[in-house]
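Structure first, commentary second.
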Amino acid sequence: MIRLASVYSSTGAEAFHANRTHYLQICKSGDTESGNKMTTPEEDENTEDSVRFALFRLEPKGLEFRVPLLDPLIPAGAKTRLADMGIGYISNNADKSKVEKLSKVTGYDLLPESMKQGPFLLVNGSAAGEKYQIYKPFNNSEKTHLLLDGNSQSAPGMVNTTVMGWVNFDRSLGPIHIGRLGAGYGEGSALILADVGLAAGGFRFETKGLGAEIPLNDPQHPKFHLDGLSMSYKSEPFTIGAELVRLSKKGYEPAVGGMAVLKTPAISVSALGFYAQKKSGSPSLFIFGVLDLSKKSVGNPQFRLEKIAAGFGYNTMVRTPKIDEVDKFPFVKCLTPDADSDDDPLKQLDKMILENPPWVDVASNEIWLAAGLQARIYEVLDIGAAVIGQFGDDVVIGLYGQASTQLPPSSLNDAKIPKIGLLELNIRGEYRSSKDTLEFDAAFTERSFLIDPDCHLTGGASVRIWFGKSQHPGEFVVTLGGYHPRVTVPKHYPVPARLGLNWELTSNIHIWGGCYAALTPHGFMTGTSSNIHGEWGPAKIDAGISLDALIEWNPLYFDVEWGAFLRAQAFGFKAELSAVGALYGPKFGGHARIKICGIGIDVDFGASRKDSMKKEVTPDEFRRDLLPGGKGSTIDQVNNEKVLTVGPTNGLLPPPTPPSKALAGAEGQAPSVWAFGTHDFEFSVGSAVPMTKVSVNNQDASAGYDGIPKYLCIRPIQKKSVTSQLDITVKAHTGKGLLSVPVLWPGEEADAESEFPPFRAELARNAVPAALWRDHSTKADPDSTGLVDGYATGVKLSAPLPDEVAHEQIKGEAWENARLELTIPKVDKTKDYMSKGASGDRLDSISAAALKESLERTVETRKSILSQLASLRMSGFEITSEQVDDLGHFSKNLSAFMDAQPQVTGV
């Protein structure tokens, strides 16, 4: 016997014959005496009823599958063996009569009753003392046929990453159970697999996909194959279960996933995880667990905790859900009251990593954390939510959940009380740094109803806030149920469904309606509508009412439209009564129309709608109401500093503590002075008004950038051909006063003879709102982004880096005047700093004149050293010898700096 993991061969190395290849054509009835003949491909007549059949067979001699630990428990005649297997092709569908002819020619007596066109896999073997054959066409929709002792059965095929066919064998041999048998092809190998389990008492051990991989290029050396292991123990009231499965991830080996479950009368714990080792790189993994406390009350009736969850991932990424996917999101679904109670420990893991696209997938340099809970509030409201933070190339913070309430409350648990309402909301909130946008959405699920289960609630709400780095900085929108029907909605705005109901009251009566409200930077809108339709044979009736209101500001405009109708039809006769109307302003006016049986009457009053719309605002109103810093009641009260902003963006240092009084601002305010390092300091100048020209120290940037518009359009005041220019001056403090420094734009080279190192300048070009800066004569495009591109909106300036010079040694001449004759003796005990003679008497004090002379020599030494340093032209040593302090303030007032007369010390 040659052992290969769990696969044994009883005939040594030559376990297979691969020399049987059949090519068969069955012709029309009557073409030959027997009705069939052997041909070659060249002799193929390719007639409509002919069947071309080819089969390549592998014949393992006594290949037997053994399960470690379990094999001794299986009777010798009941073990799983492989007789032969083959891969073939059939040109047409074959019915029972044609299959019988194929069996006669090929020598096979266990073929399915019918075969379908295309390639296929055939396997003959035995298990539990019964013969079986697997026929698997390479077609995902085909069924896999199982033949047991002449009785044909079938079971649905199951397709994984390879082409696989599975049959439900379902046979028990004492404590051993064979669940499924499978055969397939993948990655150049034929696969023969089985699910085998052992049950004893409350313990159960199972293998999934246990078998052999038979390489087609080397069939004499099969390989061990195992897809998974599972273990469970159940002894009321306790249950323990765990499972580990092999997964297929391109570029990762190994890749495994698993889950474990522990259930007790009080609590249950479940955890699932994934691990994959990249072939060239770091591993990827995640783990997520749920603690179920629903069987044990935690909290009080005001807030009762049902479940808590937590997880993290490394080199993996979570695909966050859209609002209509929240109830399917695995991190939320496991925290809802109707979460799956399926005992299959891998069901939730499959949903996470096997969906297309997967909810959790491998991703380099990504880390995520998750936490969640399920709770009941006041025994009425059920909530389940998860918070997920992802950190990598993009920072994502999200809240995803579901809230529901039932009328009457489910806590009453009385089946006799009919349900009159179920309100269930999906909730989604998310911030993504790459978009710099805060998003919030909520929407009714399909299960929501009111009064009657057939009265379905629909619709949702959305909030968007666009921040500075987004494509629409400063914009926001809050909407419940959508927008006014006559408003052109910008492409980047969310469009939730109308808030409403849809009620099939009876088979004859249908009621529906909706409402909406929305707030944007430009206005507010709201509206509602209701309709009813009835039909009884030839008689029909329809009725409805509607109201839509719109208020815009800057310029101010309001518009209110209303309408009602009633139509009836019976036996070919029709009648109609309708009325519509509108009120608008600020130049007040209106219109009404009444229609009775096709006859209409129109009434107009006040200004026309066209005249009532104020088309423009004044420049003062534009500055005060539409630009930053214009909150004052008059133009004199605006704050222009908010239109033009200056701020550091990199390299800023903390201010000194406490701040210098000399730099303190008015009334004790913090100083408006930046402290920054010499490396990577940057600051920016931004403008709320787009610019057509920008210059720094009289160096124009417009020439180096393409596409900057020459003129600015100001839509609210209906002006165009306006120019806006930003001039920035950067100067350096020098001995000659303030001097302008050179500035380089991208692509420019520094002047080698420049006295100062250059600053680097880069133009900021962000899209600006079309409502403010688009030509007023153009119409809004519903497919546009609502932005105007090309304008300059600011400048980023980078300070020059400090000069980097080569290391040089200080010349010896620098020390010529240094008279350093003092040395420090080595002592074995603490130095007595009082100077004493050989006899132990105190030595004389040094005279003030001698000390002054010593200070003069010190000054000369310092000047010599600094002069040599200056000759090296190193940054920071520009000081000259004339600027060296002569220490006169010290030598002239020696007594003020000393507690006692200095002494001459013996050395």
Side-chain angles (χ1 to χ4, degrees), residues 322-326 425-432 435-444 457-467 470-500 502 512-531 546-563 580 582 584 609-610 613-615 626 713 715-716 766-789:
K322 300 177 181 178
I323 184 61
D324 57 351
E325 296 178 313
V326 169
L425 281 173
N426 285 338
I427 300 171
R428 171 186 177 274
E430 185 175 287
Y431 172 81
R432 192 176 292 269
K435 295 181 177 180
D436 203 15
T437 303
L438 179 63
E439 303 178 355
F440 179 84
D441 300 289
F444 283 115
L457 298 178
T458 61
S462 296
V463 177
R464 295 289 187 275
I465 302 176
W466 288 270
F467 298 108
S470 68
Q471 293 185 343
H472 314 276
E475 278 202 79
F476 72 91
V477 61
V478 180
T479 174
L480 286 77
Y483 307 90
H484 193 286
R486 291 199 295 107
V487 168
T488 300
V489 181
K491 191 175 182 179
H492 59 284
Y493 277 21
V495 184
R498 278 280 191 266
L499 287 174
N502 190 346
W512 72 96
C515 61
Y516 68 90
L519 176 66
T520 74
H522 317 298
F524 174 77
M525 60 201 77
T526 185
T528 183
S529 65
S530 299
N531 296 271
S546 64
L547 173 70
D548 295 287
L550 171 65
I551 303 175
E552 294 182 344
W553 36 78
N554 298 323
L556 177 64
Y557 174 73
F558 66 86
D559 192 319
V560 180
E561 296 178 326
W562 56 271
V580 295
Y584 37 77
R609 174 175 273 149
K610 184 177 181 181
M613 299 176 65
K614 187 179 181 182
K615 296 183 179 179
L626 297 178
C713 299
R715 185 179 181 86
N766 297 318
V768 295
L772 293 179
W773 310 110
R774 186 181 60 206
D775 186 352
H776 67 278
S777 61
T778 60
K779 293 184 178 179
D781 182 0
D783 294 328
S784 71
T785 61
L787 298 172
V788 178
D789 296 316

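These numbers come from the heavy atoms of this one structure, side chains and all, not from hydrogens, waters or symmetry mates. Heads up: numbering here begins at 1 and tracks the sequence.
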Where is the tightest heavy-atom contact between [X] and [Y], given as atom of each residue plus distance?
X      : Y      : answer
Tyr431 : Asp436 : OH-OD1, 2.7 Å
Ala443 : Ile323 : CB-CG1, 3.8 Å
Ala518 : Gly482 : CB-O, 3.6 Å
Leu480 : Leu499 : CB-CD1, 3.8 Å
Gly481 : Arg498 : O-NH1, 2.8 Å
Ala461 : Pro496 : N-CB, 4.0 Å

Report summary line: The salt bridge (charged side-chain N to carboxylate O under 4.0 Å, His left out) partners of Arg432 (sequence neighbours excluded) come to Asp394, Glu430

Separation between [atom1] of [X] and [atom2] of [Y], rounded to the nearest 0.5 Å:
X      : Y      : atom1 : atom2 : answer
Asp548 : His484 : CG    : NE2   : 4.5 Å
Arg428 : Lys322 : CZ    : NZ    : 9.5 Å
Leu550 : Phe524 : CG    : CZ    : 10.0 Å

Report task. With side chain to side chain contact (heavy atoms under 4.5 Å, CB included) as the test, would you mind laying out the steps for Val560 and Leu547 before giving the verdict? Result -> CA-CA 7 Å; Val560 180; Leu547 173 70; 3.8 Å; yes

Requested in this report: Using a strict 4.0 Å threshold on nitrogen-to-oxygen distance, state whether Asp559 and Arg486 make a salt bridge.
Outcome: yes

Query raised in the report: Side chains of Thr479 and Tyr493: does their closest heavy-atom pair fall under 4.5 Å?
Result: no

Report task. Decide yes or no for Val477 and Trp466: does some side-chain heavy atom of the first lie under 4.5 Å from some side-chain heavy atom of the second? Result -> yes

Verify, without hydrogens or angle tests, whether [X] (side chain) and [Y] (backbone) share a donor-acceptor contact under 3.5 angstrom.
X      : Y      : result
Arg715 : Asp775 : yes
Tyr516 : Thr526 : yes
Thr528 : Ser546 : no

**Report entry** With His492, the side-chain hydrogen bond (donor to acceptor under 3.5 Å, both in side chains) member among Gln471, Arg464, Glu475
**Finding:** Glu475

Report task. Under the ring-ring contact (aromatic ring centres under 6.0 Å, His included) rule, collect the residues that match up with Phe444, sequence neighbours excluded. Result -> none

Query raised in the report: Can you check side chain to side chain contact (heavy atoms under 4.5 Å, CB included) on Leu519 and Phe476, steps first, answer last?
Result: CA-CA 8 Å; Leu519 176 66; Phe476 72 91; 4.0 Å; yes

